[in-house]
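These numbers were taken from a predicted model, which means no experiment stands behind them.
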Amino acid sequence: MIRAFIAIPFLIAVLTPQATPPAVYTAAQATAGRAAYQANCASCHVPDLSGRNEAPPLAGGSFMNTWRSRTTRDLFELMQATMPPNAPSLNVDQYLAITSFILQSNGMPAGSRALTATTAVLIGAGGIVGADPSVRPGPTRGSAPTGAATPPAPGTRTVTTLGPAGQTVFGEVKNYAPITDEMLRNQDPADWLMARRNYQGWSYSPLTQVTRDNVKELQLAWVWSMQDGGANEPTPLVHNGIMFLTNTANVIQALDAKTGELIWEHRLPPYAHIGAATMRNIALYQDHVFVATTDAHLVALDARTGKQVWSTVIADSAKGYTSYSGPIVIKGKVVQGLTSCDRFGNDGCWISAFDADTGKLAWKFNTIARSGQRGADTWGKLADPFRVGGETWIAGTYDPDLDLTYWGIAQAKPWMRASRGTTAFDNALYTASTVALRPNDGTLAWHYQHAPGESLDLDEVFEKVLVDAGDQKLLFTIGKPGILWKLDRRNGQFIDYQETVFQNVFESFDKKTGTPTYRADIIEQETGKWIQSCPSTQGGHNWPAMSYHPGAGLLVIPLSQSCMEISGRKIEFKEGNGGIGADRRFFEMPGSDGNLGKLAAYDVNTMREVWSREQRASFLTAVLTTGGGLGFVGDLDRVFRAFDVKTGETLWQARLGTSVQGYPMAFSAGGRQYIAVTTGRGGLESPRMVPRTLARELNYPSGGNAIYVFALPERR
């Protein structure tokens with residue numbers, strides 16, 4: 001078995017200052033390291049080194065607790081082997097400089113001796129806990145840079161702005177038709193009006209102009225370069241021949257969908273990369289475009305002109321909150337998830353709804369059960385300030401007939417139960433669950449917890465696909481364990497499951513309830529001890545969504561095959577701490593023959609695998625299927641392909657500028673069908689980190705965010 005290692009430290013403790021720290025680097029190295037860090041690392045680890053999501057903190061007690069017994073050489077070699085995860089490697093001097101900057105930020109002084117690749121001094125030999133006072137926090141929302149030299153408070157995040165925010169291109173969409181509730185329920189086949197196209201989350205277009213017979217004639221119609229930097233994972237929307245496109249850094253554009261001509265552009269504040277800067281989708285309703293910004297604001301823009309109509313706060317970004325999922329609109333309410341709920345002392349985590357006309361808050365549903373709330377006892381003796389996690393970073397779906405909206409809830413934080421202070425008997429509601437909410441008031445209709453007390457970052461936050469089969473009203477979902485779940489969406493009752501990739505986390509499943517039983521060593525876990533897990537945190541399935549093809553009765557799912565060893569670390573329970581709290585070492589999945597990517601189709605009635613295709617490169621897009629009997633998917637190795645939905649056979653492919661990443665879609669304008677897909681780099685998250693570690697021979701540019709639009713040749 002080929003094995004590669006990457007340790008991701010993210011644990012909290014206070015280190016008592018020790019003897020005089022050794023001087024192992026020069027001031028010039030640290031200065032160069034600061035610049036190299038800001039250029040190559042800050043988009044994930046943030047400018048003040050405090051970390052975000054899977055990017056661990058690189059300064060302060062959390063970093064020092066993890067690295068105190070390791071050497072400067074260990075840190076240098078780890079970065080050289082694995083970082084950055086989404087770009088070509090840096091040169092040796094840059095890695096040494098960044099290492100020096102990190103040492104400086106943790107209290108080690110500069111000296112006359114330069115740091116080298118063979119220098120091996122214990123990082124804990126005198127490192128002083130505390131943020132580097134020269135690291136300046138960025139501006140708050142809407143402010144100009146202040147230059148203040150005050151270290152940020154625990155749990156806060158800095159923002160590096162890219163320039164002035166506001167409308168930069170003025171124009172008007174002609175003959176815009178307001179989008180009604182009826183139009184959202186029964187879309188014009190030419191349009192793509194929401195995430196995964198319909199309320200049921202099918203990622204399917206009924207258009208039939210491009211077929212299995214003529215798809216080989218597809219050619220590029222136009223391409224549009226997008227805002228570079230950050231993780232580009234958008235869903236373009238099209239209405240009446242106009243494309244509405246979200247870019248990283250909160251940039252929204254309206255384009256002519258036939259030609260790619262820009263009509264208007266609005267750079268919402270903060271015009272900045274915050275963490276991975278991911279913006280997965282926007283929403284359309286009436287005359288508005290609704291955007292959830294990466295600093296946890298919800299904004300309504302005029303769809304005709306791009307001018308701001310209103311802006312409201314989803315959560316306090318000063319407490320670390322972000323918004324990476326976009327909204328969906330249900331009967332005049334804009335329903336939105338929340339991200340980065342992982343810091344101790346925050347306000348919890350929730351799904352919220354806002355009035356589409358005014359932005360006024362309509363309701364909130366708390367995804368983390370705290371004292372006095374239903375499910376509070378499932379967190380054991382853990383105090384409310386330390387009950388964190390439960391993010392909703394994938395937009396939900398909706399059944400208009402049952403009047404229920406379905407959302408996936410992420411895992412509790414820190415990842416491992418031994419680190420977060422809960423026991424094997426604490427289920428930690430509503431994490432690792434599907435919840436069904438009443439959209440009028442946000443009350444809970446039912447919940448199904450796929451992995452009670454989930455403990456390995458194998459969460460279940462992903463898409464909920466709604467399918468009717470005879471008199472059955474079904475909900476399908478698949479999370480990181482690679483388990484395809486089949487539920488009754490009327491009441492949340494378990495019906496069936498299917499394992500789609502090799503997994504060794506669960507020993508068995510209850511035949512009546514579907515409740516899994518963990519392996520004994522996972523149940524008995526302790527901090528500081530390695531546990532093997534297949535799949536890894538890359539997940540058997542991650543954010544690239546599956547598609548349902550109603551004609552074939554198939555779910556086509558992009559899957560991933562990798563494993564890991566994971567070790568939880570001891571956490572100091574104090575405000576601002578928290579996070580993921582674990583180290584990882586990745587390796588190839590047994591039986592995969594080194595193939596990280598798997599594409600497979602499953603019959604919705606039998607749950608049987610109908611076909612599968614494996615390849616070395618991971619799939620980094622959702623699957624799109626169409627009425628022409630086709631599927632489309634893109635991968636890390638820059639390939640965008642069309643395949644036969646019934647067999648998986650590749651019928652056409654194109655090599656694009658960089659990794660194909662995002663949510664492909666189909667639309668029609670002027671009587672011509674188009675297929676659109678985005679390319680881009682990623683963040684530090686596992687879908688990019690794992691192939692960077694295990695398949696280093698796959699090379700791709702570090703930039704190149706763009707949208708490519710294909711069509712059949714015009715007949716004259």
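Between P544 and T621, the closest side-chain pair of non-hydrogen atoms is not below 4.5 Å. Side-chain contact between C341 and W393 is absent, with no heavy-atom pair separated by less than 4.5 Å. Side-chain contact between D635 and L620: absent, with no pair of heavy atoms (C-beta onward) separated by less than 4.5 Å.
Using cut-offs of 30° and 60° for the angle between ring planes, the Y199 and Y398 rings count as perpendicular. Between F290 and W310, the ring planes are tilted. Angles from 30° to 60° get that label. Ring planes of W446 and Y406: tilted class, angle from 30 to 60°. Note on ring orientation: taking the six-membered ring where Trp is involved, the planes of Y430 and H447 are perpendicular (angle over 60°, cut-offs 30° and 60°).
Side chain to side chain, T434 and K464 meet the donor-acceptor criterion of an N or O pair below 3.5 Å. Remark: the S340 side chain and the E391 side chain contain no N/O donor-acceptor pair separated by less than 3.5 Å. There is no side-chain donor-acceptor pair under 3.5 Å between T658 and T679. Side-chain contact of Q538 with S618: a donor-acceptor pair under 3.5 Å is present, judged by distance alone. H541 and E463 form a side-chain donor-acceptor contact under 3.5 Å, judged by distance and modelled atom types alone. Inspection of the R688 and Q661 side chains reveals an N or O donor paired with an N or O acceptor under 3.5 Å. Using a 3.5 Å distance cut-off with no hydrogens or angles, the side chains of S560 and N542 do not pair a donor with an acceptor.
Contacts of Q253 classified as side-chain hydrogen bond (donor to acceptor under 3.5 Å, both in side chains), with partners at least two apart in sequence or in another chain: W224, N247, E265. Every residue meeting the ring pair (Phe, Tyr, Trp, His ring centres under 6.0 Å) condition with W202, not counting sequence neighbours, appears here in chain and number order: Y548. The ring pair (Phe, Tyr, Trp, His ring centres under 6.0 Å) test applied to Y663 returns W543, not counting sequence neighbours. For D347, the salt bridge (charged side-chain N to carboxylate O under 4.0 Å, His left out) test picks out K319, with sequence neighbours left out. Evaluation of the salt bridge (charged side-chain N to carboxylate O under 4.0 Å, His left out) rule for R280 yields E233 as partners, not counting sequence neighbours. Residues meeting the side-chain hydrogen bond (donor to acceptor under 3.5 Å, both in side chains) test with S433, sequence neighbours left out: none.
Checked against the 6.0 Å centroid criterion, the rings of F386 and W379 do not qualify as a close aromatic pair. Ring pair F462/W407: centre-to-centre distance not below 6.0 Å.
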- Query: Can you check side-chain contact (heavy atoms from CB on, under 4.5 Å) on T246 and N281, steps first, answer last?
  - Reply: CA-CA 7 Å; T246 176; N281 66 275; over 6 Å; no
- Message: Applying side-chain contact (heavy atoms from CB on, under 4.5 Å) to T294 and M279, what does each step give before you reach the verdict?
- Response: CA-CA 7 Å; T294 52; M279 299 177 70; 3.8 Å; yes
- Task: Step by step, work out the side-chain contact (heavy atoms from CB on, under 4.5 Å) result for F344 and F573.
- Result: CA-CA 7 Å; F344 293 156; F573 286 80; 3.8 Å; yes
- Checking salt bridge (Lys or Arg N to Asp or Glu O under 4.0 Å) for the pair D426/R417: CA distance, chi angles, key distance, verdict? CA-CA 9 Å; D426 299 328; R417 185 172 53 244; over 6 Å; no
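Note that the OH atom of Y324 and the OG1 atom of T339 stand 7.0 Å from one another [nearest 0.5 Å]. The distance from atom CG of L429 to atom OG1 of T378, rounded to the nearest 0.5 Å, is 4.0 Å. The OG1 atom of T397 sits 8.0 Å away from atom CD of Q200, with the distance rounded to the nearest 0.5 Å.
We find that K480 and D457 are joined by a salt bridge, their nearest charged nitrogen and carboxylate oxygen being less than 4.0 Å apart. A salt bridge links R387 to D384: at least one charged side-chain nitrogen sits closer than 4.0 Å to a carboxylate oxygen.
Pairing each heavy atom of S352 with each of I314, the nearest pair is OG-CG2, 3.9 Å.
Remark: side-chain polar atoms of S547 are paired, donor with acceptor, to backbone N or O of S203 under 3.5 angstrom. Remark: the backbone N or O of R370 is paired with a side-chain donor or acceptor of Q373 at under 3.5 angstrom.
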